[in-house]
2 protein chains.
Amino acid sequence: MAEATIRDVARQAAVSVASVSRALNGLANVHPDTRARVLAAAKDLGYVPHAGARSLSLARTHAIGVVLPDLHGEFFSELVRGLDREASARGYHLLLSNMHDKGDHAAQALRTMHGRVDGLVIMAPHIDPAVIAAMLPARLPTVTINTPSGPGGNALRVDNRAGAEAMAHHLVALGRKRIVHIAGPEGNSDAQERLEGFRAALPSDVELQVLPGDFSQASGEQATEALLKAGDAFDAIFAANDMMALGALQALRGAGVAVPQEVAVGGFDDVPLARYLSLTTIRVHMTEIGSRAAARLIDALEVRGAEPLHELITPALIVRATTVTE
Amino acid sequence: MAEATIRDVARQAAVSVASVSRALNGLANVHPDTRARVLAAAKDLGYVPHAGARSLSLARTHAIGVVLPDLHGEFFSELVRGLDREASARGYHLLLSNMHDKGDHAAQALRTMHGRVDGLVIMAPHIDPAVIAAMLPARLPTVTINTPSGPGGNALRVDNRAGAEAMAHHLVALGRKRIVHIAGPEGNSDAQERLEGFRAALPSDVELQVLPGDFSQASGEQATEALLKAGDAFDAIFAANDMMALGALQALRGAGVAVPQEVAVGGFDDVPLARYLSLTTIRVHMTEIGSRAAARLIDALEVRGAEPLHELITPALIVRATTVTE
DNA sequence: GACGCCCATGTAACCGGTTACGTATCCGCT
DNA sequence: AGCGGATACGTAACCGGTTACATGGGCGTC
């Protein structure tokens with residue numbers, strides 16, 4: 001026996017499908033007796049409405065698509081948790097889609113979202129916004145997170161510049177003069193903004209050296225080892241994200257360099273690990289960003305005339321033991 | 001203008017919808033010229049097939065539902081990453097649904113999965129399997145992860161007992177005689193199995209004291225502080241998960257107790273943090289479990305006659321600095 | 001030239017819901 | 001009694017695809 005459909009329920013209750021639909025959805029204009037019969041029949045048959053069919057006729061799926069890069073652990077879960085919290089509170093599901101490879105696969109995945117979701121939350125700091133726009137199914141409400149974009153859509157962005165500035169001021173206030181920045185991947189807009197904001201906030205008497213990195217812990221470690229080997233003097237490291245900062249810490253510890261006395265270290269993101277390892281960093285509250293993104297999207301879906309909005313979220317400097325002694 | 005439908009494409013290409021469908025899905029029996037006209041029309045109109053409608057007529061959604069407890073960060077992302085890796089490699093999407101409150105809400109969420117997904121992956125170590133079975137939409141292929149269940153469905157389980165035994169043997173081999181176990185939440189089957197396995201593997205000359213906990217770091221810290229305050233002698237702590245072990249470490253460090261010299265500490269899970277903090281633990285490779293769960297489910301969906309299978313995954317003991325000195 | 005077959009294509013039913021619209025019934029009113 | 005209107009309900013179209021079946025044209029064969 002297959003799953004019961006609304007027609008089975010109608011037959012069992014000896015009414016029409018229309019009445020079943022009305023009764024089950026709590027519409028008015030249904031006689032109490034009829035409603036009772038329908039409810040009884042539905043329970044009897046173990047009837048569960050077919051969400052797919054429902055979406056088709058309502059043109060409403062109550063699902064939102066989430067498109068993320070294959071990002072590293074901590075971030076991912078925090079963001080998704082935030083999205084899920086808001087979405088499920090408002091009766092929406094989350095349909096996940098990681099954009100691993102940038103190739104056709106991603107575009108393909110996006111296309112298959114059409115008709116499955118009511119809107120999209122996209123986070124893609126590593127992809128050209130024009131490319132994204134081209135891939136999007138037309139006319140699907142979208143909220144972008146940390147994506148460099150022209151005005152037009154809904155967007156949530158972390159104020160990377162402000163965060164980097166705060167870090168710069170902090171290090172400068174500590175009297176550091178020869179600072180090293182370990183940068184993120186080249187095409188990544190977060191990485192670029194952090195570097196630019198940092199550089200712009202340093203006074204002219206501070207020396208800045210920039211090393212390449214890729215956001216991985218290993219790259220932070222390698223950059224730092226290379227730095228130590230080169231023998232240049234430096235008294236602070238600001239890594240473009242926490243994982244690289246942790247790599248740097250490891251390299252420094254390995255070389256017997258005292259942190260923060262000889263070298264202060266700062267990161268960006270405030271991943272959970274940072275707290276445990278007492279890393280000074282810039283807190284980006286991903287859970288909250290997730291909730292806000294979902295909230296904004298759902299508003300756009302449900303509230304008529306909700307207009308596109310760009311929101312810039314200012315992250316906070318969190319001072320810990322890698323820059324100051326207790 | 002609304003989104004183009006298959007009928008729009010048909011009109012534009014001056015063919016029937018059937019031909020459009022056939023051409024677009026690469027079926028045989030379509031004249032090359034026709035196919036070309038259809039493709040051109042589709043591109044011209046920016047046609048994207050409506051996945052919802054497609055699923056309805058095919059009775060196939062190519063989505064799998066993922067139902068998780070509101071678990072703590074690390075776990076979550078690892079598991080989902082594994083699920084996603086396998087699912088997207090095989091052309092499936094993931095529909096997330098966290099079971100926050102145990103109440104009606106969860107059942108509700110499950111019902112709305114009907115018609116949205118082809119199958120379910122459920123992880124619910126904290127819920128009575130009978131309750132889950134009752135909530136499930138009938139006849140939806142399901143893989144359970146770490147869920148105490150009778151035989152019948154597909155199931156993946158971590159061999160908690162074997163892991164706990166390995167930890168017991170390790171601590172005993174180190175000569176520890178007065179061991180404290182900080183347990184997980186009461187109704188949680190993982191927690192129970194870990195305790196039972198651990199207890200069963202201890203020789204009779206070892207003393208075991210069990211303290212309550214709830215898997216949170218704070219509970220591990222509190223339990224340990226209480227223990228220290230009570231003044232009982234002990235030389236090892238085995239916490240039912242890593243987060244509590246970390247809490248214990250913090251409490252011990254705060255009290256100036258030397259780890260591992262005075263007290264050895266072990267956890268369970270091998271969350272990323274554990275590696276950083278050099279915690280001896282039992283590695284549960286969640287990413288792999290996720291991939292396997294997805295693979296098994298998709299097999300069940302696509303391969304005829306794939307029979308239900310229970311798989312027990314043996315976790316590995318990872319020895320680090322909280323139990324042995326280098 | 002007629003027959004039969006194959007190939008390309010169109011028509012329409014179907015998946016499982018929702019809902020506009022039409023109709024029958026019952027009520028109260030004058 | 002007859003009329004108007006509200007109320008409950010059924011019929012059938014529709015959402016956007018897929019596909020069983022019917023149809024018609026082209027071609028080879030006897």
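Here the structure is a predicted model, which means the values were calculated and not measured. So that the names make sense, note that chain A is the first sequence line, chain B the second, and so on, each numbered from 1.
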Side chain to side chain, B/L120 and B/I64, heavy atoms closer than 4.5 Å: no
Reckon A/S19 touches a base, only the sugar-phosphate, or nothing at all at heavy-atom distances under 4.0 Å? sugar-phosphate
Under 4.0 Å, heavy atom to any atom of DNA chain D: which of residues 34-42 of chain A qualify? A/T34
Using five base pairs at each end to define the local axes, how bent is the helix from C/dG1-D/dC30 to C/dT30-D/dA1, to the nearest 10°? 60°
Residues 33-63 of chain B vs ring-ring contact (aromatic ring centres under 6.0 Å, His included), sequence neighbours excluded, gives A/H114-B/H50, B/H62-B/Y92
What's B/V30 touching, base or sugar-phosphate or nothing? Going by heavy atoms closer than 4.0 Å. sugar-phosphate
How many whole angstroms separate atom NE2 of B/H31 from atom P of C/dT9? 7 Å
Hey, does A/L79 have a side-chain heavy atom less than 4.5 Å from the side chain of A/T287? no
Write out all pairs satisfying salt bridge (Lys or Arg N to Asp or Glu O under 4.0 Å) with one or both partners inside residues 86-96 of chain A, taking only residues at least two apart or from two chains. A/E86-A/R90, A/R90-A/D299, A/R90-A/E302
For A/A59, which contact category applies under a 4.0 Å heavy-atom criterion: base, sugar-phosphate, or nothing? nothing
By the 4.0 Å heavy-atom rule, please label B/L56 as base, sugar-phosphate, or nothing. base
Would you say the side chain of B/R157 lies within less than 4.5 Å of the side chain of B/I313, judging by non-hydrogen atoms? no
When rounded to whole Å, the CG to P distance for the pair B/N25 and C/dT9 reads 15 Å
Base, sugar-phosphate, or nothing for B/S21, non-hydrogen atoms under 4.0 angstrom? base
Taking heavy atoms of chain B and a 4.0 Å limit, find me the 5'-most and 3'-most nucleotide of DNA chain D within that range. D/dG16 to D/dT19
Rounded distance (Å) that lies between atom C1' of C/dC7 and atom CG of B/D33: 14 Å
For a quick check of understanding: with a heavy-atom distance under 4.0 Å over all strands, which category does B/V15 fall into, base, sugar-phosphate or nothing? sugar-phosphate
Between A/S55 (side chain only) and A/A51 (backbone N and O only), is there a donor and an acceptor less than 3.5 Å apart? yes
Closest-nucleotide ordering on DNA chain C, the 5'-leading residue of B/P32 and B/A53: B/P32
Just how far, in rounded Å, is C1' of C/dT25 from CG of A/N29? 14 Å
Sub-3.5 Å donor-acceptor pair from the side chain of B/N154 to the main-chain atoms of B/L309, do we have one? yes
Quick one: pull up OG in A/S189 and CG in A/N146 and give me the separation to the nearest 0.5 Å. 6.5 Å
The complete set of salt bridge (Lys or Arg N to Asp or Glu O under 4.0 Å) pairs with one or both residues in residues 284-296 of chain B, sequence neighbours excluded, reads B/E288-B/R292, B/R292-B/E311, B/R296-B/E311
Check step by step if salt bridge (Lys or Arg N to Asp or Glu O under 4.0 Å) holds for B/D84 and B/R81. CA-CA 5 Å; B/D84 175 77; B/R81 187 194 320 286; over 6 Å; no
Is it true that a side-chain atom of B/N188 and a backbone atom of B/P185 form a donor plus acceptor pair closer than 3.5 Å? no
